[in-house]
Amino acid sequence: MSALSVIEQRLLKWDKLASLVPKPKKPPFPIDRLNELLKVCANSSYLRTGESIHAHLIVTNQSSTAKDVYQTTSLINLYVKCRETVRARKVFDLMPERNVVSWCAMMKGYQNSGFDFEVLKLFKSMVFSGESRPNEFVATVVFKSCSSSGRIEEGKQFHGCFLKSGLMSHEFVRNTLVYMYSLCSGNGEAIRVLDDLPYCDLSVFSSALSGYLECGAFKEGAEVLRRMAKEDLVWDNITYLSCLRLCSNLRDLNLARQIHSRMVRFGFNSEVEACGAIINMYGKCGKVLYAQRVFDNTHAQNIVLNTTIMDAYFQDKSFEEALNLFSKMDTKEVPPNEYTFAISLNSIAELSLLKHGDLLHGLVLKSGYRNHVMVGNALVNMYAKSGSIEDARKAFSGMTFRDIVSWNTMICGFSHHGLGREALEAFDRMMIAGEIPNRITFIGVLQACSHVGFVEQGLYYFNQLMKKFDVQPDLQHYTCIVGLLSKAGMFKDAEDFMRTAPIEWDVVAWRALLNACYVRRNFRLGKKVAEYAIYKYPNDSGVYVLLSNIHAKSREWEGVAEVRSLMNKRGVKKEPGVSWIGIRNQTHVFLAEENQHPEITLIYAKIKEVLSKIRPLGYSPDVAGVFHDVDEEQREDNLSYHSEKLAVAYGLMKTPENSPLYVTKNVRICDDCHSAIKLISKISKRYIVIRDSNRFHHFRDGQCSCCDYW
DNA sequence: TACAATCAGA
């Protein structure tokens with residue numbers, strides 16, 4: 001045998017031998033590594049990978065047996081984090097044995113999907129089953145669920161229960177407890193809890209503050225801030241941001257400046273978020289110029305800062321300035337987003353610039369923001385306030401998503417346009433859509449009823465539906481009812497209502513009543529009411545003007561003169577009337593006694609011409625009678641100076657025949673102009689829309705949509 | 001565990 005074959009034979013033998021030796025099994029993937037993997041999958045929402053691990057565990061028979069509670073809990077955690085609550089629950093239910101972490105993971109799952117009730121149910125069954133005792137993690141989850149579902153009574157019971165088991169000493173438990181009380185219990189209970197604590201750290205103050213901020217209890221928030229400031233604590237930037245938010249909401253400039261200076265002292269004013277918050281705060285406190293200064297000193301530029309400063313101008317009612325900022329924005333560097341569009345559209349709405357609104361609408365479509373609720377709402381608002389309720393309706397029905405604001409905007413839009421029926425229909429459709437009405441919804445419908453004289457419906461909404469939806473009527477609602485009753489001529493009821501309503505009336509309510517006296521020609525009551533209102537609110541020019549109008553309508557010229565001299569004596573100035581009209585992207589503004597406009601002579605001539613045409617139709621220029629002390633010729637001249645007539649005349653001159661005119665006026669339209677414009681709409685065959693300070697008038701063919709009932 | 005920005009109204 002050759003040497004070679006000997007080796008071959010040996011090799012062969014070994015080979016056989018090797019085949020007899022059992023192959024070593026691949027070692028199982030170490031369990032702790034699997035759990036780590038599951039954790040990674042959970043935290044990154046890798047559902048597919050997590051599922052494969054789950055499958056692997058089932059196949060290799062490493063799962064679902066009693067042994068590994070820890071591992072199954074990781075699976076629950078995986079499904080919970082991937083928002084697969086039902087599957088998590090299946091795994092949970094199959095566990096023969098659970099520990100407190102399993103319970104807690106499942107509870108968190110429900111919490112994250114918004115099923116707070118399930119959280120509490122699970123907690124109770126955990127306690128009853130006696131399987132495990134709650135720990136501090138469970139306690140925080142429970143308190144948080146009570147907070148977000150408003151279950152304060154149950155929360156109090158749990159508080160007692162955790163107190164007994166000694167869990168309240170944990171920092172996080174305390175924080176969530178305080179948060180719960182501040183968010184859900186209006187009567188300063190959180191502050192009492194704070195006072196009972198032996199020692200408060202920053203986080204517990206912070207929790208109380210954010211709860212109060214969130215539920216809008218700013219007074220209590222300020223109280224917390226006061227206590228916090230007394231302690232010797234180092235604030236972090238979350239604290240500062242909360243404080244800034246508090247100031248914004250309280251509109252407390254004094255506090256605002258203190259916080260700002262503290263931020264400067266401790267160097268917290270350099271980050272872009274902080275700057276944004278400061279700008280916003282000054283804007284909300286009515287100090288645009290401060291806001292502008294902070295903005296100018298902020299070197300970082302982004303869309304939020306730009307939008308915030310725009311909003312500051314919007315809050316200041318400087319709508320033109322807000323729009324200027326928009327057009328000055330370098331849209332390449334800082335492209336506008338939904339907030340920017342919303343503020344711009346709202347500015348346009350306040351100015352009634354229909355043409356600009358259309359333009360911006362186009363921009364919205366191009367930039368792909370059309371499906372944002374915020375933008376949709378702003379579009380509806382813009383069209384409604386710019387006079388085109390039809391376009392508002394279109395924008396509304398084109399919305400993919402709607403919220404309560406969308407519905408309210410539409411309802412209030414209908415109301416402003418005197419479309420009571422449509423407003424109530426929108427309300428019904430809103431109920432069908434499952435939206436819950438709030439106080440503003442009811443202001444909208446009550447106002448709608450008031451505009452068209454639906455007394456019964458109005459009272460039904462006020463007395464029945466508001467209760468049903470648990471909306472507490474406030475001054476604004478009560479004032480709507482005063483308007484509703486008195487404008488319908490039911491002065492006795494209005495009087496009784498005002499006498500018995502459990503509310504402190506303000507000048508607006510009295511003006512509403514007074515206005516109704518004027519419209520309904522109840523001059524006797526009107527004078528009485530005006531006397532009282534002037535006594536009570538000696539600086540409110542509105543009541544003087546109304547009284548003067550009443551005197552004029554009842555042709556008591558000396559009364560008119562008296563009011564005028566009283567106003568002079570007290571230095572009360574009436575708001576000058578301003579009207580404007582948009583023509584080819586240009587806005588033309590007219591003042592009551594306008595003489596600035598370059599084409600003013602032509603405008604006067606146009607007015608003369610138009611008035612001479614409508615006089616044969618029954619127009620007589622002394623309806624308002626305000627200018628009783630001048631001769632006929634002069635009187636017509638004076639009336640023709642009214643800003644809305646100037647605007648309409650200019651519109652007639654500058655726009656093609658048949659095109660509609662949209663005019664906006666800052667104060668209530670006067671009687672004389674109202675009747676003149678009715679006739680102008682007839683002879684010119686124009687559709688004329690006038691927005692005055694409280695509603696829209698649509699003039700067409702000699703009629704006005706308000707039916708002379710405004 | 002995240003908090004710099006719209007909004008409807010007598």
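FYI, side chains are in, hydrogens and waters are out, and symmetry mates aren't considered; it's all heavy atoms of this structure. Just so we're on the same page: letters track the sequence lines, and every chain starts at 1.
- A search for salt bridge (Lys or Arg N to Asp or Glu O under 4.0 Å) contacts involving K665(A) returns E644(A), not counting sequence neighbours.
- Around atom CZ of F469(A), more than 12 heavy atoms belonging to other residues, nucleotides or ligands sit under 6.0 Å away.
- Nucleic acid contact class of A342(A) (heavy atoms, under 4.0 Å, all strands): base.
- If you check every strand for non-hydrogen atoms under 4.0 Å, Q315(A) touches sugar and phosphate atoms only.
- Atom C1' of nucleotide dA5(B) and atom CD1 of I309(A) are separated by 12 Å, given to the nearest angstrom.
- Across all strands shown, D506(A) has heavy atoms under 4.0 Å from base atoms, whether or not it also approaches the sugar-phosphate.
- Considering only residues two or more places apart in sequence or on other chains, E214(A) meets the side chain to side chain contact (heavy atoms under 4.5 Å, CB included) condition with Y179(A), L183(A).
- Across all strands, T409(A) comes closer than 4.0 Å only to sugar-phosphate atoms, never to a base (heavy-atom distances).
- Nucleic acid contact class of F172(A) (heavy atoms, under 4.0 Å, all strands): base.
- F314(A) comes within 4.0 angstrom of sugar-phosphate atoms only, judged by non-hydrogen atoms across all strands, and of no base.
- For dA5(B), its base never sits under 3.5 Å from the side chain of N306(A) at any donor and acceptor pair.
- Residues satisfying the salt bridge (Lys or Arg N to Asp or Glu O under 4.0 Å) criterion with E495(A), sequence neighbours excluded, are R499(A).
- Scored by the salt bridge (Lys or Arg N to Asp or Glu O under 4.0 Å) test, E575(A) finds no partners at all (sequence neighbours excluded).
- Rounded to whole Å, atom P of dA8(B) lies 12 Å from atom CG of N438(A).
- Residue contacts for R511(A): at a heavy-atom cut-off of 4.0 Å it reaches no nucleic acid atom on any strand shown.
- Contacts of I440(A) with the nucleic acid, taken as non-hydrogen atoms under 4.0 Å apart, include base atoms.
- In this model, the phosphate group of dT6(B) is approached by a side-chain N or O of K284(A) to a distance below 4.0 Å at OP1 or OP2.
- The stretch residues 379-392 of chain A comes close to DNA chain B through N381(A), K385(A), each having a heavy atom under 4.0 Å from the strand.
- Qualifying side chain to side chain contact (heavy atoms under 4.5 Å, CB included) partners for S347(A), counting only residues two or more places apart in sequence or in other chains: F314(A), F319(A), A322(A), L323(A), I343(A).
- Note that CH2 of W407(A) is 11.0 Å distant from CZ of F427(A), once rounded to the nearest 0.5 Å.
- No contact: D403(A) has no heavy atom under 4.0 Å from any strand.
- For dG9(B), one of the phosphate oxygens OP1 or OP2 lies less than 4.0 angstrom from a side-chain nitrogen or oxygen of H416(A).
- In this structure, Q447(A) reaches the sugar-phosphate backbone alone: every heavy-atom distance under 4.0 Å involves primed, P, OP1 or OP2 atoms, never a base.
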